[in-house]
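Order of the sequence lines fixes the chain letters, A, B, ..., with proteins taken first and strands second; residue numbering starts at 1 for each chain. Bear in mind that the values here come from a model prediction, so they are computed numbers and not experimental data.
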Protein chains: 2
Amino acid sequence: MLTPERHARILELLQANEVVRLQQFVDATTSSESTIRRDLAQLEEERKLKRVHGGAALLKGKRDEQTVAQKSTKNLQEKRKIAQLAAQSVQPGDCLYLDAGTTTYEMIPFLTVEDLVVVTNGISLVNTLLEQGVQTYLLGGAVKPNTHALIGRGALTSMQSYRFDKAFLGTNGIHLQHGCTTPDPEEAMIKEQAIALAGEAYVLADPSKFHEVSFARFASLEEVRIITCEEKEIDLSSFQQHSKLEVVTS
Amino acid sequence: MLTPERHARILELLQANEVVRLQQFVDATTSSESTIRRDLAQLEEERKLKRVHGGAALLKGKRDEQTVAQKSTKNLQEKRKIAQLAAQSVQPGDCLYLDAGTTTYEMIPFLTVEDLVVVTNGISLVNTLLEQGVQTYLLGGAVKPNTHALIGRGALTSMQSYRFDKAFLGTNGIHLQHGCTTPDPEEAMIKEQAIALAGEAYVLADPSKFHEVSFARFASLEEVRIITCEEKEIDLSSFQQHSKLEVVTS
DNA sequence: CATATTTTGATTGTTTATGATTGTTATTGG
DNA sequence: CCAATAACAATCATAAACAATCAAAATATG
């Protein structure tokens with residue numbers, strides 16, 4: 001049986017049964033225990049299921065995670081490392097703003113300190129935040145269909161009720177002259193205001209974003225801390241002069 | 001029996017019985033006392049129940065609230081009929097408010113007219129609304145962990161930017177003297193304001209809600225239209241005198 | 001066709017969940 | 001208020017489940 005077939009069969013069994021033990025998967029796929037374990041590990045990475053001792057269970061909030069889950073298979077390891085580094089800046093009692101996006105999403109499992117309050121404009125983050133037991137606030141506003149981010153006037157005005165210790169933002173481009181940019185001007189406005197309302201603003205960017213420029217600018221290099229992981233092709237030293245830079249040594 | 005199965009069984013027993021002895025859990029799950037104790041400790045940590053000497057009890061705030069998943073399997077056919085009737089009142093170009101809740105959720109597939117705008121405080125509704133191609137706005141505010149509804153000051157203030165042609169609301173109790181009631185005062189405030197901002201307010205209630213009273217009142221019978229389906233045990237004529245009543249003949 | 005890479009299943013220590021046992025704490029009835 | 005009793009938390013041994021490792025098989029590549 002081929003890997004995608006097995007994965008499909010596993011998810012199918014889970015849809016039907018909510019909780020399934022390892023041996024059932026073995027019987028259903030005529031594969032070994034080891035293979036099933038590997039499959040389960042992988043599917044958990046992709047956030048398609050939750051492993052439990054003795055088998056696997058369906059994720060509770062499966063409904064609006066799908067789009068995020070698909071995206072997050074790409075560069076997942078890099079993103080997770082960056083996310084982990086970013087999460088280390090968080091202190092007990094902090095009030096955070098988390099941008100909608102896959103990198104910020106990956107931060108959530110690492111947000112383990114006590115007494116956090118998180119404000120976000122990403123509907124997809126809410127479920128996971130609540131499962132972590134984090135007190136969660138959502139901005140209001142128009143829902144952007146493909147990303148499920150909240151944007152527009154409503155989002156801007158409802159953000160004004162909050163102040164943040166730290167804001168964590170994703171980006172599409174980081175450039176020496178043009179700063180941080182993103183394709184959607186609406187989202188750029190939100191990011192810009194989040195930076196203004198935050199004591200410290202962190203931009204999370206994997207190496208592919210450097211020297212890229214997108215349409216709408218939301219920050220200069222000077223006003224944010226950039227968190228990334230190192231890559232030999234990219235020379236980060238030029239950025240170091242303009243911005244506070246934190247790099248994961250992978 | 002796997003851990004999530006046990007946890008589910010424990011919570012299920014609690015929903016049915018309000019307060020349950022340790023031995024009942026042991027019998028129901030065929031596990032040892034020690035294991036149940038560990039489970040209870042963990043579930044209390046997750047704020048799913050309250051441990052008491054001799055067993056466990058439901059959290060007070062959650063007394064008559066169930067998770068969305070549990071609710072939505074119950075009375076589904078009835079709810080769907082009510083939802084369908086409610087959706088018939090919707091006209092092209094309308095701007096609607098949809099309450100968070102399972103009955104309002106069931107309305108979405110029937111919202112097939114053109115040019116709708118929907119505002120809601122229910123995160124769970126967003127996905128399905130977008131799939132229907134409806135322009136969707138979400139209120140801001142605190143996210144209520146079990147129901148994923150947006151509540152609190154943030155939700156109230158962000159609602160003030162909108163005006164609705166029609167508001168559709170769920171309820172837990174409908175009573176001749178006490179009007180419409182719901183367990184959570186925070187949610188009641190939201191519902192109340194939605195009614196104030198709407199040209200017409202509709203309350204969707206299956207027959208089990210009649211003559212019931214919950215904690216927080218959000219409307220009198222006079223100011224809303226009630227949509228329900230008929231049931232022989234319940235005499236709706238007394239309600240007819242106080243309120244506009246629409247009944248599905250199932 | 002030979003070689004490199006990936007996937008698989010068996011084997012191995014290691015970790016985890018469980019149920020029994022222990023001593024400790026809370027409740028109850030006199 | 002105190003003793004009796006029930007419920008509790010803590011500890012421990014064990015068995016099940018686990019991750020890590022490795023060699024064989026399947027697959028891909030030059």
Side-chain angles (χ1 to χ4, degrees), chain A residues 1-14 16-60 72-78 80-81 83-84 106 109-110 112 114 131-133 232 250, chain B residues 1-60:
Chain A
M1 200 174 210
L2 264 40
T3 311
E5 288 183 274
R6 275 202 321 276
H7 286 197
R9 188 98 193 80
I10 286 171
L11 294 174
E12 194 182 310
L13 272 181
L14 269 173
N17 292 18
E18 195 87 2
V19 175
V20 181
R21 53 199 67 232
L22 194 93
Q23 194 54 48
Q24 293 180 260
F25 291 129
V26 172
D27 295 343
T29 61
T30 61
S31 313
S32 74
E33 219 173 274
S34 304
T35 302
I36 297 297
R37 277 185 211 291
R38 275 186 287 256
D39 287 340
L40 293 183
Q42 190 179 341
L43 287 167
E44 184 173 47
E45 277 286 286
E46 297 170 17
R47 304 185 188 275
K48 303 273 180 61
L49 53 77
K50 167 132 183 68
R51 289 187 80 179
V52 298
H53 203 87
L58 211 55
L59 288 178
K60 276 165 221 148
S72 47
T73 49
K74 204 168 67 181
N75 306 334
L76 189 61
Q77 290 311 318
E78 264 182 355
R80 204 162 279 169
K81 268 180 204 145
Q84 186 166 18
E106 293 300 333
F110 302 113
T112 48
E114 297 290 302
E131 277 171 16
Q132 284 268 320
K232 34 186 172 300
S250 54
Chain B
M1 200 174 209
L2 263 39
T3 313
E5 293 181 280
R6 275 202 320 276
H7 286 195
R9 189 99 192 80
I10 286 170
L11 294 174
E12 194 182 308
L13 273 180
L14 268 173
Q15 287 292 346
N17 294 12
E18 192 85 1
V19 43
V20 181
R21 313 192 70 80
L22 192 95
Q23 193 55 46
Q24 294 180 259
F25 292 130
V26 172
D27 296 342
T29 59
T30 61
S31 314
S32 74
E33 220 173 272
S34 303
T35 301
I36 297 297
R37 279 184 211 291
R38 275 187 284 256
D39 286 339
L40 293 183
Q42 191 178 341
L43 287 167
E44 182 172 47
E45 187 74 6
E46 295 169 18
R47 297 169 204 288
K48 303 275 180 58
L49 53 76
K50 168 117 184 82
R51 289 187 78 179
V52 296
H53 203 86
L58 272 185
L59 291 177
K60 289 198 190 72

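Residue B/L2 contributes atom CG, which lies 17 Å from atom P of C/dT16 at whole-angstrom precision. Rounded to whole Å, the distance from CD on A/Q23 to P on C/dG9 is 13 Å. Rounding to whole angstrom units, CE of residue B/M1 and P of D/dA17 are separated by 15 Å. Here D/dA19 presents its C1' atom at 14 Å from CD of A/E45, a figure rounded to the nearest Å. Note: NE2 (A/H7) to P (C/dT8) measures 8 Å, nearest angstrom. Per the geometry, CG belonging to A/L40 stands 14 Å off P belonging to C/dG9, to the nearest Å. What separates CD1 of B/I36 from C1' of C/dA17 is a distance of 13 Å, to the nearest Å. Distance, B/L22 CG to D/dT5 P: 21 Å, rounded to whole Å.
No N or O donor and acceptor, one from the side chain of B/R37 and one from the base of C/dG19, sit under 3.5 Å apart. Taking 3.5 Å as the limit, the base of C/dA20 and the side chain of B/S34 contain a donor-acceptor pair of atoms between them.
Inter-residue side-chain proximity for A/H7 and A/Q42 is flagged as met; some heavy-atom pair is nearer than 4.5 Å.
Taking each heavy atom of A/A83 and A/F110 in turn, the nearest pair found is C-CD1, 4.2 Å. Scanning all heavy atoms of the two residues, the minimum distance from A/R6 to A/S31 falls at CD-OG, 3.2 Å. Taking each heavy atom of A/E44 and A/R51 in turn, the nearest pair found is OE2-N, 3.2 Å. Nearest approach of B/L40 to B/G55, heavy atoms of both residues: CD1-O, 4.2 Å.
Rotation axes derived from the C1' atoms of the five outermost pairs at either end of the helix from C/dC1-D/dG30 to C/dG30-D/dC1 lie 40° apart, to the nearest 10°.
For A/T3, the side-chain atoms get nearest to C/dT7 when compared with the rest of C/dT7, D/dC18, C/dA10. With D/dA7, D/dA17, C/dT18 as the candidates, the nucleotide lying closest to the side chain of B/H53 is D/dA7. For B/R51, whose side chain is taken as the heavy atoms from C-beta onward, the closest listed nucleotide among D/dA9, C/dG19, C/dG9 is D/dA9.
Rounding to the nearest 0.5 angstrom, the gap separating the CG atom in B/L43 from the CG atom in B/L11 is 5.5 Å.
Residue A/R21 is classed as having no contact, given no heavy-atom separation below 4.0 Å to the nucleic acid. Using a 4.0 Å heavy-atom distance criterion, B/V52 is classed as a sugar-phosphate-only contact.
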Side chains of residues 16-24 of chain A: which donor-acceptor partners sit under 3.5 Å, not counting sequence neighbours?
{"unit_1": "A/R21", "atom_1": "NH2", "unit_2": "B/E5", "atom_2": "OE1", "d": "3.3"}
{"unit_1": "A/Q23", "atom_1": "NE2", "unit_2": "A/D27", "atom_2": "OD1", "d": "3.2"}
{"unit_1": "A/Q24", "atom_1": "OE1", "unit_2": "A/R21", "atom_2": "N", "d": "3.0"}

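Looking at which nucleotide of DNA chain D each of B/E33 and B/R38 is closest to, the 5′-most match is held by B/E33.
An OP1 or OP2 oxygen of C/dT8 is reached within less than 4.0 angstrom by no side-chain nitrogen or oxygen of A/S32.
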